Amino acid sequence: MASIQIELPDGSIKDFDAGVTPHDVALSISEGLARQTLAARFNDVLIDTTRPLEQSGKLLLITPNSPEALEMIRHSCAHLMAQAVKELYGNDVQVTIGPAIKDGFYYDFYSENKKFVPEDFPLIEAKMEELARADMPIERKVMSRDEAIAMFRAKGEDYKVELIEDLDQETLSLYQQGSFIDLCRGPHVPRTGVFKAFKLTSLAGAYWRGDEKNAMLQRIYATAFLNKKDLKTHLERLEEARKRDHRKLGKELDLFSFNEDIGGGLVLWHPKGALLRTIIEDFERKEHLKRGYDIVVGPQLLKTDLWKMSGHYDNYRENMYFTEVDEQGYGIKPMNCLAHMLIYKAKPRSYRNLPIRYFELGTVHRHEKSGVLHGLLRVRGFTQDDAHIICRPDQIDAEVKGVMSFVRDVAGIFGFNYTMELSTRPQKSIGSDADWELATCALKNALDDVGEPYEINEGDGAFYGPKIDVKLKDALDREWQCATIQCDFTLPERFDLTYTGQDGEKHRPVMLHRVIVGSIERFIGVLIEHYAGSFPLWLSPVQAIVLNVTDRQAEYAQQVFDQLRAVGVRVELDLRNEKLGFKIREAQVAKIPYMLVIGDREVEDQTVAPRFRDGSTLDSLSVTDFAAFVAAEAAAYK
RNA sequence: GCCACCAUAACUCAGUUGGUAGAGUAGCUGAUUCGUAAUCAGCAAGUCGGCGGUUCGACUCCGCCUGGUGGCUCCA
């Protein structure tokens, strides 16, 4: 038998007979390693431990500690779940696909009779545990296409047949564990005994192949980890996310509500929420003015003809609200750009005026499909911190970089990390190929120059231009789409925007659409979860609350309150005849940063005794000192 | 929009295998004047999301609608 050379990661080279498997190689090192080996990477291709090696090459054994391990276990665990479901429900259910995803995996099933409910989970989990305990080998089989089609057809697995028919290859790999066999590229873990910690998490509908014209499948989401401890940590994290849910906190902190009589996706801002919004809006105006933006305001309604001219009517109509009065059609604005272009057009512009940066806290309405609405994160009426930068082509680069640095500053103030993505031309779009090319390059060059990493999303741009999307990462490391920068050559063309160049000729400017936090509504939703409702002092709708111990201090407490409010501290007063502990508890639950306790001592010394939200206290200090302290902290965005 | 599920007092939730409902918190009244996360007692509070249907009788069963939840598709 021919001999081959296998190079291991430590650089050592060993001779083996051709046909040796990664498992055999592991065994030649130690029995323990062989037991631990889940798969292997041979010449950079992932393979099963039982795959015979026919030629020399580099071999890396994959064990539970390898970075690839978790994803593999999850993918294999999806097969385990499918096996369990088939054993429980047999031919009532057809299998489709089941990949690993972030934090777990899912499997999509088709069934006419069986409707999965969460009550089925314990049963399925028990079956999975039984199959895992049986420690069955998971074996790779190779079949011809026709053979595989015949086999799945005989089993009544129509979806598998369809998948294979669309595959452009003559032989296919399948994986078998016990009586269950599934089409799969692999690789998989060697035995079902590997699965030690898994849990079914939720149930959802999903279209076959993600297309809403196709049949609706039943998706079971689940997760799997290397061990029970990691699973527990993950479940605790989910629990933490639930506690921070902005819909729950929004109600508890009395920030906002929705009302079915008003309509879905339309927010009612209660006093504290409206104050929080106002603080953010004031911050936005100040930061934009600092960076050379001009504040403008456009109307809510614009004539339908204008939306036809812009392309919104053709490309965005299903998301818009229209109305007709005096036989004139109007569209409620879903974007702010048209008004900004018309402000630009209100008088002749020179190259000397550019760039012009129009900023508007623009309230827009978009008819989002009912099923996508979600608290503040997806609504139908929202306010964007929107700006349109109209500039010469040679200014694009500097302007895009300016926006990116603006994003960096703001993300830093709120304590977010972020990642960036470049999205290119979508199917449904307007404008010439040359302009798209130019615009995409401009964005890409700016990204490359700044040197921060980014990903490319093919075909994910806006209909009028490519875009850079910024995803903020919150305290739980979850990503949120907020900022976006879009480069647009088309709308300036359609609206015939011009400027007079140095040469005295008319030239076409470029327009950058950009938002920094995006929608104020969404951003506040994200902030609530990011801070778990405990806003930093500068954002807190209520920064301090004055608490008297008994009625004896009421008069002085009132004085302190008046004095603080007069110098701009957002302060409340609790004079109720309740025990101090009770008042503290309420202020604590309301997540107010500072409680100012006033007893006989403070009246005597003309001071206040501050208590922090975290339970710590400061020595008593004068009201003016406290006000100065708050002002300094807030000015530093703390 | 699609699939599944849910809707009981202001909030969180219990309950009736079809005979019209409770608890805690909040609210109100009274007592208590208290030093860093819940003082005590009493009172009041719901067309059981809306509209139809089945039934002697519907909060409970069925249908439609509205709103929400988890996803899918779509998106700031």
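Given the structure is predicted, the values throughout are model-derived calculations rather than measurements. Chain letters run A, B, ... following the sequence lines, proteins first and then strands; every chain starts at 1.
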Whole-angstrom distance between B:rA9 and B:rG15, as gauged at atom P: 15 Å

Touch class at under 4.0 angstrom, heavy-atom based, for A:Lys583 against every strand present: nothing

Residue closer to the 5' end of RNA chain B, A:Gly518 versus A:Asn259 (nearest nucleotide): A:Asn259

Residue matched to B:rU33 through Watson-Crick or wobble contacts both under 3.5 angstrom: none

Ring-base stacking, A:Phe382 with B:rA76 (5.5 Å, 30° cut-offs): yes

Modelled atom types, side-chain donor and acceptor of A:Tyr207 and A:Arg209, under 3.5 Å: no

Gap in Å between the two P atoms, one belonging to B:rU66 and one to B:rA21, rounded: 31 Å

Short side-chain N/O contact from A:His374 to OP1 or OP2 of B:rG70, under 4.0 Å: yes

Modelled atom types, side-chain donor and acceptor of A:Thr484 and A:Asp469, under 3.5 Å: yes

Base partner of B:rU69, which must satisfy Watson-Crick or wobble distances under 3.5 Å: B:rA4

Sugar-phosphate, base or nothing in reach of A:Val379, heavy atoms under 4.0 Å: base

B:rA76 base / A:Glu368 side chain donor-acceptor hit below 3.5 Å: yes

Paired nucleotide for B:rC74 [Watson-Crick or G-U wobble; both distances under 3.5 Å]: none

A:Ser519 and A:Gln384 side chains, donor-acceptor separation under 3.5 Å: no

Touch class at under 4.0 angstrom, heavy-atom based, for A:Gly210 against every strand present: sugar-phosphate

Given RNA chain B, 5'-ward residue of the pair A:Met216 and A:Gly263, judged by closest heavy atom: A:Met216

4.5 Å side-chain heavy-atom contact, A:Arg357 and A:Glu399: yes

For atom CG of A:Leu376 and atom P of B:rU69, their distance in whole Å: 11 Å

Letter per nucleotide, 5' to 3', of nucleotides 27-35 of chain B [B base touched, S only sugar-phosphate touched, - untouched; heavy atoms, 4.0 Å]: -----BBBB

Closest nucleotide among B:rA4, B:rA76, B:rC72 to the A:Ala206 side chain: B:rC72

Donor-acceptor pair present, A:Arg378 side chain and B:rC74 base, under 3.5 Å: yes

Near-strand residues of residues 238-255 of chain A, defined as heavy-atom separation under 4.0 angstrom from RNA chain B: A:Arg247, A:Lys251

Sugar-phosphate only, base, or nothing, as touched by A:Arg219 at under 4.0 Å among non-hydrogen atoms: sugar-phosphate

Whole-Å distance separating the CZ atom of A:Phe612 from the P atom of B:rU36: 18 Å

Heavy-atom donor-acceptor pair, A:Glu368 side chain to A:Val379 backbone, under 3.5 Å: no

Pairing nucleotide - B:rU12, Watson-Crick or G-U, each distance under 3.5 Å: B:rA23

Partner nucleotide of B:rA45 by Watson-Crick or wobble geometry (both distances under 3.5 Å): none

Spacing of A:Leu377 atom CG relative to B:rA76 atom C1', expressed in whole Å: 11 Å

Donor-acceptor pair between A:Asp600 and A:Gln553 side chains, under 3.5 angstrom: yes

Minimum-distance nucleotide (side-chain atoms of A:Thr617 versus B:rA76, B:rC74, B:rU36): B:rU36

Residue pair A:Glu287 / A:Tyr293, side-chain donor-acceptor N/O under 3.5 Å: no

Side-chain N or O of A:Tyr221 closer than 4.0 Å to phosphate OP1/OP2 of B:rA4: no

Sugar-phosphate only, base, or nothing, as touched by A:Ser202 at under 4.0 Å among non-hydrogen atoms: sugar-phosphate

Pairwise P distance for B:rC40 and B:rA45, with rounding to whole Å: 24 Å

Protein-nucleotide distance (A:Trp208, atom CH2; B:rU73, atom C1'), rounded to Å: 16 Å

Pairwise C1' distance for B:rA38 and B:rC59, with rounding to whole Å: 34 Å

Pair of N/O donor and acceptor under 3.5 Å linking B:rG1 base with A:Tyr207 side chain: yes

Rounded interatomic separation in angstrom, taking CD from A:Glu260 and C1' from B:rG67: 5 Å

Gap between atoms CD and C1', on A:Gln427 and B:rU73 respectively (whole Å): 16 Å

Touch class at under 4.0 angstrom, heavy-atom based, for A:Leu373 against every strand present: sugar-phosphate

Side chains of A:Asn336 and A:His388, donor plus acceptor under 3.5 Å: no

Sugar-phosphate, base or nothing in reach of A:Lys467, heavy atoms under 4.0 Å: sugar-phosphate

Nearest to side-chain heavy atoms of A:Lys369, which nucleotide of B:rA76, B:rA38, B:rU73: B:rU73

Rounded distance in Å - CZ (A:Phe109) to C1' (B:rG71): 16 Å

Any strand: nucleotide that pairs with B:rC61 via Watson-Crick or wobble, under 3.5 Å: B:rG53

Distance between C1' atoms of B:rU54 and B:rC62 (Å, rounded): 7 Å

Interatomic distance at C1', B:rC13 relative to B:rG71, whole Å: 26 Å

Note, A:Leu447 side chain near A:Glu452 side chain (heavy atom, < 4.5 Å): no

Side-chain heavy atoms of A:Met404 within contact of A:Phe406, under 4.5 Å: no

A:Asp614 and A:Ser616 side chains, donor-acceptor separation under 3.5 Å: yes

Donor + acceptor pair across side chains of A:Glu602, A:Tyr556 (<3.5 Å): no

Pair A:His367, A:Asn319: side-chain N/O donor-acceptor within cut-off below 3.5 Å: no

Whole angstrom value for the distance that separates P of B:rG70 from CD1 of A:Ile220: 19 Å

